[in-house]
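Right, I'll just put the structure down here and ask away after.
When a ligand or atom number is given, it counts from 1 through the structure's own listing order. Basis for what follows: all heavy atoms, side chains included, without hydrogens, waters or symmetry-related copies. Computed from a prediction, not measured in an experiment: that's the story for all the values here.
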Amino acid sequence: MIKRESKLFKIEKDSNFASRILILSLPSSLVFIMLVALRLLPANIAVMAYSSIVLFNIVWLFPLTFELQQLKKYIINLSQENQEKLEDLDITESETLDIANAINEMHRFWSNKAETLEAQTISDTAVLDTLPDPILMIDKEGNILGANGSAHKLLGENITEKNVEEIFNSNNFINAVAKVLHQDSDAENLIFYVGNESKKQDKQKKLYAHIKRLPWISKGRAVAVISIYDMTKAMKVEKMQSDFVANASHELRTPLSIISGFIETLQTSAKDDPEAQKHFLKIMAEQANYMSILIENLLSLSRIELNQDNPPEEKIVINPIIEDAVDALTLKAKDKKMTFEINIDESVPEITADQSQIRQLLQNLCDNAIKYGDEDTAIKINVNLSNKVPHSKTYQVGEGNAVAISINNQGMPIGNEELGRLTERFYRVQAHKDKNIRGTGLGLAIAKHILIRHKGNMRVTSNKEEGTTFTIFIPVEQL
Ligand SMILES: Nc1ncnc2c1ncn2[C@@H]1O[C@H](COP(=O)(O)OP(=O)(O)OP(=O)(O)O)[C@@H](O)[C@H]1O
Ligand SMILES: [Mg+2]
């Protein structure tokens, strides 16, 4: 009884408990009034009987109202994700208990479903985010509903809920999207450019898009999916290749046209002039020699590139290779009264490398030091152990200790803006071209690719006081 009283106070005011009791007791009150009016029942007995009916109603209705309120609170708690235990409720009536159990089961079922769906969505998003190509989902107005990581990277972080028209300034693309959204086509493929139109075409991004309408069974807001492929990188590679072919052809055509010109001269005006013939044949031999060096360098570059992903496995000692490279160039150095000063740190260990490629690399650098160094000076070669290969922005360098070989020559310093371009194929410093110093412009490109294969790197410094120093770093181990 005490418990019931305490519960009574727990019933909320807005439960209409009192009005329900009154409404429930109203018919019996009318009956008692009539009986008293017809003098069939004394008024005091009627009041007592009526009071006991009201009391009965209170006792009978109270638990139900109380438990319904508990149930209401429980459902509200569930809907607000507050995990209240069913056992903590004060529910004893079997009907309310059944309802509470049923609600509990339903909640558990939908919670599990929601969790599975959430996990599925997270894993789907993770999968989409790992795709290298941008993907967008759009609604029937062309608003972006979702985008994967690559799309955000390409188009910006806040693209969701924006319209495709705001993001892509290409009429062809927008027309293709409209065609798919208006159901004029199931799918559209196109290549288009984005970016500032005032910029040159090679500064804009070249994109390939596949726009596909989703099947009608898709119940979400998404109506179509756009997958994009960024062709800018592929285009750059294509351009590099075509530039390379154009440069190589140009470099070959020049000596060839000189040789053809002299052949014609020898056949006509110089036919009977032995002095001129001797002079022209000498030039022709030089040009033919240049052509064969150029072809040899081109073949060498392509062989190194072909082999670039095969790490070298030989164990080699640096000392004899440096001596070999220097010996091969002694005569050339003598012609310019130049000498080599070699200083090797004895602690330099054996390294894992390709012997013939390292010799070629050192020979190219020493050849440059002679060619571009001042007459009557010394070329200094230093070999040390370094604790790491300097970082490269374009490829992964090797880890651990490295052998650092620096080759220094005195001479006209290389300008800062030119330093970064020295390893480009066919790039030559204008001042050297003007001075008529012969070269194919491939020696350092070959050196760079040999270093990439060895996961090594190169640093160049050049100034008036210390001259020009090329330092190459080759990892001791190919890990
Ligand atoms: N030690 C150096 N001092 C000054 N400039 C240099 C030095 N080494 C290279 N260069 C510059 O870098 C350019 C590119 O060098 P690279 O070795 O690739 O080509 P090259 O020497 O012209 O031709 P080759 O293919 O015959 O070696 C050279 O033309 C020269 O202008
Ligand atoms: Mg060279």
Side-chain angles (χ1 to χ4, degrees), residues 240 243-244 247-252 254-255 286-305 322 325-326 328-329 331-333 335-342 356-382 404-452 456-472:
M240 262 171 63
D243 281 356
F244 176 67
N247 278 328
S249 318
H250 174 77
E251 290 297 318
L252 281 170
T254 314
E286 275 169 17
Q287 295 299 326
N289 186 39
Y290 172 77
M291 280 174 79
S292 76
I293 293 173
L294 180 63
I295 290 166
E296 189 45 54
N297 278 348
L298 286 171
L299 287 174
S300 182
L301 194 57
S302 104
R303 268 196 304 267
I304 294 163
E305 273 191 297
I322 294 178
V326 166
L329 292 163
L331 273 181
K332 205 171 175 178
D335 283 349
K336 280 185 80 175
K337 295 193 212 104
M338 294 174 96
T339 51
F340 283 100
E341 284 176 14
I342 306 171
S356 70
Q357 285 191 350
I358 299 297
R359 186 187 294 116
Q360 185 177 12
L361 161 61
L362 290 170
Q363 214 156 311
N364 284 359
L365 294 180
C366 291
D367 180 60
N368 282 349
I370 299 171
K371 216 159 44 164
Y372 306 108
D374 285 343
E375 263 190 42
D376 214 355
T377 55
I379 295 165
K380 293 177 189 144
I381 302 178
N382 279 298
I405 308 168
S406 67
I407 295 155
N408 165 270
N409 66 270
Q410 296 302 313
M412 189 183 67
I414 309 169
N416 270 345
E417 60 296 342
E418 287 169 310
L419 275 182
R421 300 195 59 191
L422 295 184
T423 55
E424 283 177 26
R425 290 159 198 207
F426 300 109
Y427 184 80
R428 305 197 67 224
V429 172
Q430 191 56 44
H432 296 139
K433 287 199 233 173
D434 295 343
K435 276 187 169 175
N436 240 343
I437 305 177
R438 291 309 300 260
T440 63
L442 292 173
L444 290 178
I446 290 172
K448 178 178 125 181
H449 283 279
I450 292 175
L451 284 171
I452 294 177
N457 208 347
M458 178 154 70
R459 290 281 183 266
V460 194
T461 57
S462 190
N463 55 55
K464 224 175 173 181
E465 298 73 40
E466 287 156 34
T468 300
T469 310
F470 284 76
T471 309
I472 55 163

Between Ser406 and Thr471, is there a side-chain donor-acceptor contact under 3.5 Å, judged purely by atom types and distance? no
Against ligand 1, does Gly411 come closer than 4.0 Å with any heavy atom? no
Counting from 1, what ligand 1 atoms have a heavy atom of Ile414 closer than 4.0 Å? 4 (C), 5 (N), 6 (C)
Passing candidate, side chain to side chain donor-acceptor pair (under 3.5 Å) with Ser462, options Thr468, Asn416, Asn409: Thr468
Has ligand 1 got any nitrogen or oxygen that is less than 3.5 angstrom from a nitrogen or oxygen of Gly439? no
Note the single closest protein heavy atom to atom 12 (O) of ligand 1, along with its residue, its atom name and the distance in Å. Leu422 CD2, 3.4 Å
I need the contact type for His432 against ligand 1. Using non-hydrogen atoms and a strict under-4.0 Å cut-off, is it side chain, backbone, both or neither? side chain
Under 3.5 Å donor-acceptor, Arg428 side chain and Ile437 backbone: yes
Closest heavy-atom approach to atom 29 (O) of ligand 1 among Arg428, Lys371, Lys448 is made by Arg428
Any idea which atoms of ligand 1 are less than 4.0 Å away from a heavy-atom of Leu442? 18 (O), 19 (O), 25 (O)
Mode of Asn364 contact toward ligand 1 - side chain, backbone, both, neither (heavy atoms, under 4.0 Å): neither
For the side chain of Lys371 and the backbone of Arg438, is there at least one donor-acceptor N/O pair under 3.5 Å apart? yes
Numbering as shown, the atoms of ligand 1 that approach Gly443 to under 4.0 Å (heavy-atom distance): 16 (P), 17 (O), 18 (O), 19 (O), 24 (P), 25 (O), 27 (O)
Can you confirm whether Met240 sits close enough to Arg425 that some side-chain heavy atom of one is under 4.5 Å from a side-chain heavy atom of the other? no
Looking at side-chain heavy atoms only, is the closest gap between Phe426 and Thr440 below 4.5 Å? no
Proximal candidate to atom 15 (O) of ligand 1 [heavy atom criterion; set Val460, Asn297, Leu444]: Leu444
Heavy atom of the protein closest to atom 28 (C) of ligand 1 (residue, atom name, distance): Tyr372 OH, 3.4 Å
Starting from atom 19 (O) of ligand 1, what is the nearest protein heavy atom, named by residue and atom, and what distance separates them? Gly441 CA, 3.2 Å
Counting each atom of ligand 1 from 1 as listed, which ones have a heavy atom of Asn409 under 4.0 Å away? 1 (N), 2 (C)
What protein heavy atom lies closest to atom 9 (C) of ligand 1? Include the residue and the distance to one decimal. Asn368 ND2, 3.5 Å
Numbered atoms of ligand 1 (with element) below 4.0 Å of Thr440, judged on heavy atoms: 23 (O), 24 (P), 25 (O), 26 (O)
Judged by atom type as modelled, is there a donor-acceptor pair below 3.5 Å linking the side chain of Lys336 to the main-chain atoms of Ile370? yes
So which of Ile452, Ile450, Leu444, Leu451 actually passes side-chain contact (heavy atoms from CB on, under 4.5 Å) with Lys448? Ile452
Record the part of Ile437 in heavy-atom contact with ligand 1 below 4.0 Å; permitted values are side chain, backbone, both and neither. neither
Counting neighbours of CD on Glu286 that are heavy atoms of other residues, nucleotides or ligands and sit closer than 6.0 Å, is the number greater than 12? yes
Provide the number and element of each atom of ligand 1 under 4.0 Å from a heavy atom of Tyr427. 13 (C), 14 (C)
Whether the Ser300 and Gln360 side chains hold a donor-acceptor pair (N or O, under 3.5 Å, no angle test) is what I'd like checked. yes
Closer than 2.8 Å to the Mg ion (ligand 2): does that hold for any N, O or S atom in Thr440? no
With a 3.5 Å distance limit and no angle check, can you tell me whether Asn408 reaches the backbone of Gly467 through a side-chain donor-acceptor pair? no
